[in-house]
Structure formats: structure tokens, C-alpha cells
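Here's the structure, in C-alpha cells; my notes come after.
Sequential numbering from 1 along the given sequence is applied to the chain's residues. Below, all heavy atoms of this structure are taken into account, side chains as well, without hydrogens, waters or symmetry copies. All of these numbers come straight from a predicted model, not from anything done at the bench.
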Amino acid sequence: MNCRKFKQLVAVCLSIYIVIAITFSYTFLIEHMNHHCTGTDCEICFEMDMAVHMASIGAAVLFFAPILYFRHRIETMCNKLVFLLIIPKTLISNKVRLND
């Protein structure tokens, strides 16, 4: 397995993990929305705060991921365009053989 495929596999696995974590956070919030609080050290309230925090991070990731992806694509296209237009074609880069 080459490095690029490995990176893609890791990215897909992390994406699936993030989606599952966000789903479980929302599920936990929905199930325990009307719980009976025991006071200041309520474990369910603490877990609900953590679930809200995880859901807000997930929402931010889902918002910024497409923006970063398109920024990367535009930057790649600009680099290719600069390479094609600005870097001059020389005899050496075209591998022209100069015979006598």
C-alpha cells in the first residue's frame, strides 16, 4: 500500500469516527433531555455538557471541511497555472538535443 492510499484510508476512518461521535452525542442529548437532576454533581448533566461540546465541534468541522477542501483545490489549480504560464520552456526543459 503506497503512502497516498494509506493517507486516504486514515482520512476516511477519521471521518467515519467523527460522524459516529457526533451521532452518539446527539442521541445521548435526545435521550436524556428531561432527566431528573440530582444536584451540583450530576453525572448526566456533566455528560450532556460534554455531548453539547462534541456536537458543536462536529458542527464546526462539518462547516469548515468543504471550505478547506475547495481552498486546497483552487490553490492546486493556481500552482499548475503558474507553472504552465510563468516558468518558461527552455531547450533543456524540452530536452532538445543540439547537434553540430
Side-chain angles (χ1 to χ4, degrees):
M1 179 179 282
N2 61 13
C3 186
R4 183 175 181 193
K5 287 189 180 185
F6 178 74
K7 286 181 181 181
Q8 287 176 348
L9 179 66
V10 169
V12 168
C13 290
L14 287 175
S15 300
I16 291 171
Y17 173 75
I18 289 172
V19 168
I20 289 172
I22 293 168
T23 303
F24 283 142
S25 294
Y26 281 122
T27 304
F28 183 83
L29 288 173
I30 290 169
E31 288 178 358
H32 293 91
M33 192 173 298
N34 293 323
H35 78 284
H36 299 290
C37 188
T38 60
T40 58
D41 293 331
C42 181
E43 292 182 14
I44 295 176
C45 289
F46 177 73
E47 292 295 328
M48 287 180 69
D49 287 339
M50 295 301 290
V52 166
H53 182 69
M54 179 63 143
S56 65
I57 289 173
V61 167
L62 291 177
F63 176 75
F64 286 111
I67 294 171
L68 293 175
Y69 173 75
F70 286 118
R71 180 185 163 268
H72 172 70
R73 295 294 292 178
I74 290 170
E75 186 176 299
T76 303
M77 289 188 307
C78 289
N79 285 341
K80 288 180 182 178
L81 186 64
V82 165
F83 182 75
L84 290 174
L85 296 178
I86 295 178
I87 298 176
K89 298 287 183 180
T90 63
L91 294 175
I92 295 173
S93 67
N94 289 330
K95 296 183 180 178
V96 173
R97 187 171 175 193
L98 298 173
N99 293 335
D100 286 337

Just to verify, what does [X] make a side-chain contact (heavy atoms from CB on, under 4.5 Å) with, not counting sequence neighbours?
X     : value
Thr23 : Val19, Thr27
Cys45 : His35, Cys37, Cys42
Val96 : Leu91, Asn94, Leu98

For residues 65-72, run the donor-acceptor check on the side chains, cut-off 3.5 Å, and write out each pair with its distance to 0.1 Å, sequence neighbours left out.
none

Original post:
Rounded to the nearest 0.5 Å, how far does CD of Glu75 lie from NZ of Lys80?
Top reply: 12.5 Å
**OP:** Supply the atom-to-atom distance Ile74 CD1 to Cys78 SG, rounded to the nearest 0.5 angstrom.
**Re:**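 The CD1 atom of Ile74 sits 7.0 Å away from the SG atom of Cys78.
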Original post:
Is there any salt bridge (charged side-chain N to carboxylate O under 4.0 Å, His left out) pair reaching into residues 53-69, and which pairs are they, with sequence neighbours excluded?
Top reply: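 For residues 53-69: none.
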Subject >> Contact list for residues 34-46, test salt bridge (charged side-chain N to carboxylate O under 4.0 Å, His left out), sequence neighbours left out >> reply: none
**OP:** State which residues pass side-chain hydrogen bond (donor to acceptor under 3.5 Å, both in side chains) with Arg73; sequence neighbours excluded, sorted by chain then number.
**Re:** none
**OP:** Could you identify which residues cluster with Phe24, counting Ile, Leu, Val, Met, Phe, Trp and Tyr as linked when any side-chain heavy atoms lie under 4.5 Å apart, either directly or through a chain of such contacts?
**Re:** Val12, Ile16, Ile20
